[in-house]
Number of protein chains: 2
Amino acid sequence: MLSTTDNVEPMGRREQNKIDTRRAIADAAFDLARSVGPGAFTVDQIAERAGVSRRTFFNYFHSAEDALTVRVDGFLDLAIEVFGKLPQDEPLFDSIISAFIETTRMEGLSQHGELFRMAAVNPELLRAQLHSWERAEVRIVEALRSRLGSGASDLYLNSLVGCVLSCTKAAMRDWASDTPTSGDDSGADLEARILAVLTMLRDGFADPGVGSMGRPRSSS
Amino acid sequence: MLSTTDNVEPMGRREQNKIDTRRAIADAAFDLARSVGPGAFTVDQIAERAGVSRRTFFNYFHSAEDALTVRVDGFLDLAIEVFGKLPQDEPLFDSIISAFIETTRMEGLSQHGELFRMAAVNPELLRAQLHSWERAEVRIVEALRSRLGSGASDLYLNSLVGCVLSCTKAAMRDWASDTPTSGDDSGADLEARILAVLTMLRDGFADPGVGSMGRPRSSS
DNA sequence: GCGAAACTTGCACGCTGTGCAACAAAGGGG
DNA sequence: CCCCTTTGTTGCACAGCGTGCAAGTTTCGC
């Protein structure tokens, strides 16, 4: 099982405090968004709940919405990390697909669904999330460049990664809107969607009715 | 040639004034961004230059960055409009490709390049532009739904449109960074990029070296 | 013209984001 | 253990943002 806390090497007080504070702020922001709704609270409220000053909040995040995107960043960072550990001689798309599939097994997946649904009703949060995906795109392009060498142009790389992320985003959004308030982190539905949509991307979009995508409820 | 002012039907003073004001504000914002740099000016300055009050500015836009995205919105709206006028029995991807190719012939294309370059150094503007593409995505999905009927699932539609827009975005970004301060709206380079990248999308990403994409400067 | 509807403007108010300087906590010798 | 440096926290101040409101002004339909 995947975990974000596998670095158990000795860590100074300084470093640990910063991680704790960051986490406390992010949790406070998420709790508030959950209870009163996204965009319906102030930075002061987050800071108070996290037990820090207003000023300290802004030492960690640029805005209230940014504090809500650390989970999205975490998801994408994890996907990149998983991708990096896969065998380099595997076909590219297989690596990409299994990296995302693996990543859906992370903890707290239902929170991601919630965040997607929040973004659907809060423009500012949506922008923050889009920016988060955009930043991940840059990192992934970097990771791919070192794998593909100079055999691929910037335009090719950016298009490829953009498409992969668009499809993943679409799969997650679809999953999030179909799975309201699922308390049990059911990643199976999400996995199926990501697999379907990335496979389709690999093989081309030419025919709308291909594979398991065209007609949603026609089994086989 | 394409134009955004082909509606010459009788228009009341009210409507015309609003259009003029909106345009004045957007132009003022763009001029300012161009001269002092994006993010280096206030809403008051935009309002003053546009000859309206601060309050009126906020009646038209939510933020300074929003005033800079009307051109992006215009580009995408135009693409949708062009797409809608194409024959419905043409293959889907051909319609999509020629819609975007046609749209690159619009006026003021070099400004779009400038805006892309501005967004590269201004996070807030980048977010606004990402949001603009996102909103267009919703509209395009809507347009496609009425064309494809109920034969395609939401997930399929969102993935398809997301990929098309990602590729177009990548093409424009690539073009913008390769074409700094081109005063002559040279859309040919952009057309070639969009054609290459959307064609690749149609046929699948399986092989990195396929077509004219893999090795940038190896003719044929 | 004249009244209704729509638009502009100034004002007020709370919130945002950041520079700055004082304070506190952690780390590293001697 | 103390002192000094480094690093993080906090309060303060201040310019700017975004919006509700009410009073003007312009446009429209009759």
Side-chain angles (χ1 to χ4, degrees), chain A residues 9-29 32-33 35-70 121-129 131-132, chain B residues 9-29 32-33 35-70 121-129 131-132:
Chain A
E9 49 188 85
M11 187 178 283
R13 269 251 80 76
R14 279 243 165 75
E15 209 169 345
Q16 187 59 51
N17 281 345
K18 268 174 81 174
I19 291 176
D20 290 347
T21 303
R22 194 178 179 81
R23 199 179 188 86
I25 294 175
D27 287 348
L32 266 173
S35 56
V36 305
F41 53 93
T42 70
V43 169
D44 296 74
Q45 289 175 267
I46 303 176
E48 187 184 358
R49 183 181 277 237
V52 297
S53 74
R54 189 182 114 84
R55 191 61 185 81
T56 296
F57 172 90
F58 283 112
N59 286 341
Y60 283 87
F61 300 101
H62 288 306
S63 68
E65 289 75 26
D66 277 5
L68 288 174
T69 62
V70 288
V121 296
N122 185 329
E124 215 49 55
L125 181 56
L126 175 59
R127 289 188 180 199
Q129 287 187 14
H131 194 191
S132 182
Chain B
E9 50 189 85
M11 186 178 284
R13 269 252 77 78
R14 277 239 165 79
E15 208 169 345
Q16 187 59 52
N17 282 346
K18 269 175 77 174
I19 291 176
D20 291 347
T21 302
R22 194 179 178 81
R23 200 181 187 84
I25 294 175
D27 287 348
L32 267 173
S35 55
V36 305
F41 52 91
T42 71
V43 169
D44 296 75
Q45 290 176 266
I46 302 176
E48 187 184 358
R49 183 180 278 238
V52 297
S53 75
R54 190 184 113 85
R55 191 62 183 81
T56 296
F57 172 90
F58 283 112
N59 285 340
Y60 283 86
F61 300 101
H62 288 307
S63 68
E65 289 74 29
D66 277 6
L68 288 173
T69 63
V70 288
V121 296
N122 186 326
E124 215 50 55
L125 181 55
L126 175 59
R127 288 189 180 198
Q129 287 187 14
H131 194 192
S132 182

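Keep in mind it's a predicted model, so treat the numbers as computed, not measured.
Note that the OG1 atom of A:Thr21 and the CD atom of A:Gln16 stand 9.5 Å from one another [nearest 0.5 Å].
Here the closest heavy-atom approach between residue A:Phe57 and residue A:Ser63 is recorded as CZ-O, 3.4 Å. Counting all heavy atoms, side chain and backbone alike, A:Ser132 lies closest to A:Thr69 at OG-O, 4.1 Å.
One atom, CZ of B:Phe58, and another, P of C:dC15, lie 17 Å apart when rounded to the nearest Å. Summarising the geometry, the separation between NZ on B:Lys18 and P on C:dT8 is reported as 8 Å, rounded to the nearest angstrom. The interatomic distance linking A:Phe61 (CZ) with C:dT16 (P) rounds to 15 Å, in whole Å.
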Would you mind writing out the side-chain donor-acceptor pairs for residues 121-128 of chain B within the sub-3.5 Å range, not counting sequence neighbours?
unit_1   : atom_1 : unit_2   : atom_2 : d
B:Asn122 : OD1    : B:Glu124 : N      : 3.1
B:Asn122 : OD1    : B:Leu125 : N      : 3.2
B:Asn122 : ND2    : B:Pro38  : O      : 3.2
B:Arg127 : NE     : A:His131 : ND1    : 2.9
B:Arg127 : NH1    : A:Asp66  : OD1    : 3.3
B:Arg127 : NH2    : A:Asp66  : OD1    : 2.6

Under 3.5 Å donor-acceptor pairs involving side-chain atoms of residues 41-50 of chain B, not counting sequence neighbours:
unit_1  : atom_1 : unit_2  : atom_2 : d
B:Thr42 : OG1    : B:Asp44 : N      : 3.4
B:Thr42 : OG1    : B:Gln45 : N      : 3.3
B:Gln45 : OE1    : B:Thr42 : N      : 3.0

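Remark: A:Val52, A:Ser53 in residues 35-54 of chain A come within less than 4.0 Å of DNA chain D through at least one heavy atom.
Taking the nucleotide of DNA chain D with the nearest heavy atom to each of B:Glu65 and B:Arg13, the more 5' of the two is matched to B:Glu65.
Checked against C:dA25, C:dT8, C:dT18, the side chain of A:Arg14 finds its nearest nucleotide in C:dA25. Comparing C:dC11, C:dA5, C:dC20 by their nearest atom to the side chain of A:Arg55 picks out C:dC20.
When DNA chain D is scanned 5' to 3' for any atom under 4.0 Å from a heavy atom of chain A, the first and last hits are D:dT6 to D:dC12.
Applying the ring pair (Phe, Tyr, Trp, His ring centres under 6.0 Å) test to B:Tyr60 and every residue at least two apart in sequence or in another chain returns nothing. Under the rule for a side chain to side chain donor-acceptor pair (under 3.5 Å), the partners of A:Arg55 that lie at least two apart in sequence or sit in another chain are A:Asn59.
Residue B:Tyr60 has a polar side-chain atom (N or O) positioned under 4.0 Å from OP1 or OP2 of C:dT8.
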